[in-house]
Every structure is written in C-alpha cells, then in structure tokens.
Amino acid sequence: MFHFAANLTHLWAELPYLDRFEAAADAGFKAVEVLQPYDVAVPETVAALERNGLQFVLLNAPGPNYTGGARGFAAIPGGEARFDYDMRRAARYATALGAKIIHVLSGVAEGPEAHAVLIDNLKRAVDALPDSLTLTLEPLNTQANPGYFLSRYDLAADVIEAVGAPNLGLQYDSYHAQVITGDAVACYETYADLIRHIQLGDAPDRTAPGTGNVDFAALFDAIESSGYKGWISAEYTSEDRTELGLGWMP
C-alpha cells in the first residue's frame with residue numbers, strides 16, 4: 001500500500017496557506033509537506049495539522065535568508081557558520097512540526113571546492129541532528145534551477161557515500177529524475193537503496209502524473225517492488241483546481 005502526502009507549497013496554491021490543510025485532508029491525504037514553512041508561526045501550522053488529522057513529513061533547509069542572500073547554500077564556500085546555524089533552526093522547526101525529514105539545498109555552486117564544502121557541512125549536520133530526523137539530498141535539474149550544484153543522481157550518491165551516515169539519504173523526484181536522466185523509472189531502480197523520500201510530478205513541466213512523459217504505471221510497480229514504505233508526496237503544479245487533477249492516485 002502506498003502512503004501519499006500532499007506538497008502544500010504546490011498543491012492548492014489557489015487557497016490561503018492554512019486552508020490548504022483542510023483541502024488536502026478532504027482529498028484523502030494523510031500527510032503534508034511544506035518546503036518553506038518558516039514564515040508562518042509554528043502554532044498556526046500545528047493547529048491546522050491537528051484540526052485535519054494530518055502528519056507533517058518534510059521541510060527544506062536552509063530556510064529563507066532574511067538578509068537577502070541565497071536560500072540554499074550547503075555547497076557554497078564561506079557559508080559554513082551560517083549553514084550550521086540555519087540547520088539548527090531547521091531541526092527546531094522540524095521537531096516542533098513533527099517532521100522526520102529535512103531536505104538540504106546545495107545552492108548554486110560548482111567545482112571541487114563546492115563538493116568538499118557540501119560533504120564537510122553534511123558531516124557536521126548529521127552529527128548534530130536529533131535522532132528523530134533524517135537529512136535528504138535531491139538532485140534538481142538545471143533547466144529549472146540554473147547553476148544548481150547537486151544536479152546529478154550519481155553526484156548525490158557520491159556525496160551520500162562520502163558522508164557515510166545512516167541519517168542521510170536520497171530524495172527522489174520523478175519530474176527531476178526524468179529531466180535529468182531521461183528515464184525516471186530506470187533512475188529509481190538504480191538508486192532505490194538510497195531513497196528515503198519520494199516526490200511525484202510529471203515531465204517536462206512538473207504537472208500532474210499522467211500529463212507528461214513519465215511512465216507512472218511502471219514507476220509505481222518499481223516503487224512497490226523495491227519495498228519502499230515511506231511517504232510519496234505529490235509535488236506538481238495544477239492547471240485547474242487541485243482536486244480535479246487527482247485521478248492519478250492508485
């Protein structure tokens with residue numbers, strides 16, 4: 001049985017933030033994720049979760065930089081102290097919201113120094129992480145995210161191996177996987193052992209499953225065959241009211 005979550009950063013974007021929780025519960029979702037929940041007071045989000053019987057599963061980190069700098073910078077030399085500070089902040093938010101996963105954004109960077117900085121930052125982060133939390137790395141395609149450092153699955157696997165921690169894993173997104181590799185299903189099968197969280201969107205435009213070129217029937221078969229037991233989050237842009245585009249859910 002699959003366990004589906006709704007990404008409320010993308011789904012029901014036509015509604016005010018706090019109203020999205022009720023919409024997700026009404027649609028049958030049991031969990032939600034919000035990429036950047038930092039601008040809303042934690043008690044408000046917690047109350048929305050409790051009213052609707054929802055679990056909060058994931059957020060992104062580092063969070064917004066209120067001084068105007070880059071949002072994701074885990075691979076950027078010179079930002080190590082701020083990375084440590086913001087990861088502590090993200091862990092506090094995740095714990096308060098009941099989340100189990102923090103997705104770490106590498107930011108825009110390139111070269112061996114960025115690679116080394118990312119590994120060193122992650123080594124410190126996993127050592128400081130509460131036992132209840134897991135960090136994930138998600139490759140993002142450079143068509144939508146120009147210059148993003150962690151833009152390949154083999155690179156993400158290399159970093160995870162170099163850090164060598166059980167509380168660091170891979171975040172798989174079918175939209176990014178299809179754009180990056182040309183075959184989201186084969187990509188999943190190649191890296192299934194490292195995957196700790198799954199997000200769904202079709203390619204090439206991050207639309208609802210079944211509207212692009214990802215073979216979701218084969219992907220769901222691959223996920224089931226791999227024995228994955230975690231959450232599968234719907235993360236895509238709806239062209240109409242979100243609830244009208246949920247026919248893809250098996």
Chemist: Would you say the ring centers of Phe29 and Phe4 fall short of 6.0 Å from each other?
Modeler: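 Between Phe29 and Phe4, the centre distance exceeds or equals 6.0 Å.
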
Chemist: Can you check whether Tyr93 reaches Ile102 side chain to side chain, under 4.5 Å on heavy atoms?
Modeler: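 Not in contact.
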
Chemist: Taking only residues two or more places apart in sequence, or in another chain, which ones meet Phe149 in a ring-ring contact (aromatic ring centres under 6.0 Å, His included)?
Modeler: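 By the ring-ring contact (aromatic ring centres under 6.0 Å, His included) rule, Phe149 matches no residue at all.
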
Chemist: Classify the angle between the aromatic ring planes of Trp231 and His3 as parallel (below 30°), tilted (30 to 60°) or perpendicular (above 60°).
Modeler: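 Plane angle over 60°, so perpendicular.
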
Chemist: Taking salt bridge (Lys or Arg N to Asp or Glu O under 4.0 Å) as the test, write out the residues that go with Glu33, two or more places apart.
Modeler: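 Result, salt bridge (Lys or Arg N to Asp or Glu O under 4.0 Å) vs Glu33: none returned.
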
Chemist: Using the rule given for side-chain hydrogen bond (donor to acceptor under 3.5 Å, both in side chains), can you reason through Ser174 versus Tyr188, listing the C-alpha separation, both sets of side-chain angles and the distance that settles it, and then say yes or no?
Modeler: CA-CA 8 Å; Ser174 59; Tyr188 180 87; over 6 Å; no

Chemist: Can you list the residues that meet the salt bridge (Lys or Arg N to Asp or Glu O under 4.0 Å) rule with Arg124, with sequence neighbours excluded?
Modeler: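 Salt bridge (Lys or Arg N to Asp or Glu O under 4.0 Å) list for Arg124, sorted by chain: Asp84.
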
Chemist: May I ask you to test the Leu122-Val104 pair for a side-chain heavy-atom distance under 4.5 Å?
Modeler: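 Leu122 reaches Val104 side chain to side chain.
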
Chemist: Go through the structure and list residues passing side chain to side chain contact (heavy atoms under 4.5 Å, CB included) with Ala81, not counting sequence neighbours.
Modeler: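 Ala81 satisfies side chain to side chain contact (heavy atoms under 4.5 Å, CB included) with no other residue.
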
Chemist: Tell me every residue that passes side chain to side chain contact (heavy atoms under 4.5 Å, CB included) with Glu138, counting only those two or more places apart in sequence or in another chain.
Modeler: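 Only His103, Leu140, Gln171, Asp173, His176, Gln199 meet the side chain to side chain contact (heavy atoms under 4.5 Å, CB included) criterion with Glu138.
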
Chemist: If you round to the nearest 0.5 Å, how far is OH of Tyr172 from OH of Tyr153?
Modeler: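 Those atoms lie 6.0 Å apart.
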
Chemist: Hey, could you give me the CD1/CD1 distance between Ile232 and Ile198, rounded to the nearest 0.5 Å?
Modeler: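 Between Ile232 CD1 and Ile198 CD1, I get 5.0 Å after rounding to 0.5 Å.
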
Chemist: Sequence neighbours excluded and cut-off under 3.5 Å, please list the side-chain donor-acceptor pairs for residues 105-120, or say none.
Modeler:
residue : atom : partner : partner atom : Å
Ser106  : OG   : Leu150  : N            : 3.2
His115  : NE2  : Asp158  : OD2          : 2.7

Chemist: Look at the rings of Phe216 and Phe220 and say which category their plane angle falls in: under 30° parallel, 30 to 60° tilted, over 60° perpendicular.
Modeler: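 Geometry flag for Phe220 against Phe216: tilted rings.
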
Chemist: Run the ring pair (Phe, Tyr, Trp, His ring centres under 6.0 Å) check on Tyr175 and Tyr236 step by step: do they pass?
Modeler: CA-CA 9 Å; Tyr175 154 67; Tyr236 56 82; over 10 Å; no

